[in-house]
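Below, all heavy atoms of this structure are taken into account, side chains as well, without hydrogens, waters or symmetry copies.
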Amino acid sequence: MKDFMFIFRGAMDQYDFSAEQMQQHMQKWMTWIDELKAKNMYVAGEPLTPEGKTVKGAKLLVTDGPYTESKELVGGFFIIRAANLNEATEVAKGCPDLPLGGIVEVREVMKVEEMMASHS
């Protein structure tokens, strides 16, 4: 099994949910997480606040941000375990934000020790 990161973009900031609608939507997230836990696939995950800072380049330029279009804003992440990228991608299709126009970027987590071993 390998670790994969799901990076969740957009969706939630584009809708003005009532408190009840937000609670219903969050229940969909919790159900999805519980399903992944039951399959021993879920490792970790958290939402991210929209505020942050960006540090750039050799001069260590610090700016407020990230300021991107709302559809590009990273809202959170998961780490899951899957056999391969195809399986992880299939799992990502269960994201509750997808019907709302959300985006899930699926990336394999590269293990530093494996990378170092392949370069020695």
Kindly indicate whether the side chain of I80, heavy atoms from C-beta on, has any atom under 4.5 Å from the side chain of V91.
yes
Sequence neighbours excluded - salt bridge (Lys or Arg N to Asp or Glu O under 4.0 Å) pairs with any residue from residues 27-37
none
Once rounded to the nearest 0.5 Å, what's the spacing between atom CG of L85 and atom CD of E90?
10.5 Å
Donor-acceptor contact below 3.5 Å, side chain Q23 vs main chain A19:
no
Is there a side-chain contact between V62 and T54, using heavy atoms and a 4.5 Å cut-off?
no
Before giving the answer on side-chain contact (heavy atoms from CB on, under 4.5 Å), spell out for L61 and V55 the whole-Å C-alpha distance, their side-chain angles and the decisive distance to 0.1 Å.
CA-CA 5 Å; L61 176 65; V55 181; over 6 Å; no
For D97 and L100, indicate whether the former's side chain and the latter's backbone hold a donor-acceptor pair under 3.5 Å.
no
Working to the nearest 0.5 Å, report the span between CD of Q24 and OG of S18.
7.0 Å
Aromatic centroids of F78 and F4 separated by under 6.0 Å
no
Applying ring pair (Phe, Tyr, Trp, His ring centres under 6.0 Å), name anything that partners F6, two or more places apart in sequence or on another chain.
none
Worked check of side-chain contact (heavy atoms from CB on, under 4.5 Å) between D3 and K111:
CA-CA 9 Å; D3 288 348; K111 301 293 184 184; 2.9 Å; yes
Please, which pairs that meet salt bridge (Lys or Arg N to Asp or Glu O under 4.0 Å) have at least one residue in residues 98-110, sequence neighbours excluded?
K2-E108, R9-E105, E105-R107
Taking the six-membered ring for Trp and the single ring otherwise, decide whether the centroids of W29 and F8 are under 6.0 Å apart.
yes
Atom pair CD1 (I7) and CD1 (I103), whose distance is rounded to the nearest 0.5 Å
11.5 Å
Might you point out which heavy atoms bring V106 and A92 nearest each other, and give the distance in Å?
CG2-CB, 3.7 Å
Hydrophobic clusters here meaning ILVMFWY residues chained together by side-chain heavy-atom distances under 4.5 Å, can you tell me if M1 and V112 are in one?
no
If you apply the rule side-chain contact (heavy atoms from CB on, under 4.5 Å), what do you find for I79 with V109, and how did you get there?
CA-CA 9 Å; I79 303 290; V109 177; 4.3 Å; yes
side-chain contact (heavy atoms from CB on, under 4.5 Å) between E46 and L48, intermediate numbers included
CA-CA 6 Å; E46 297 293 341; L48 301 173; 5.5 Å; no
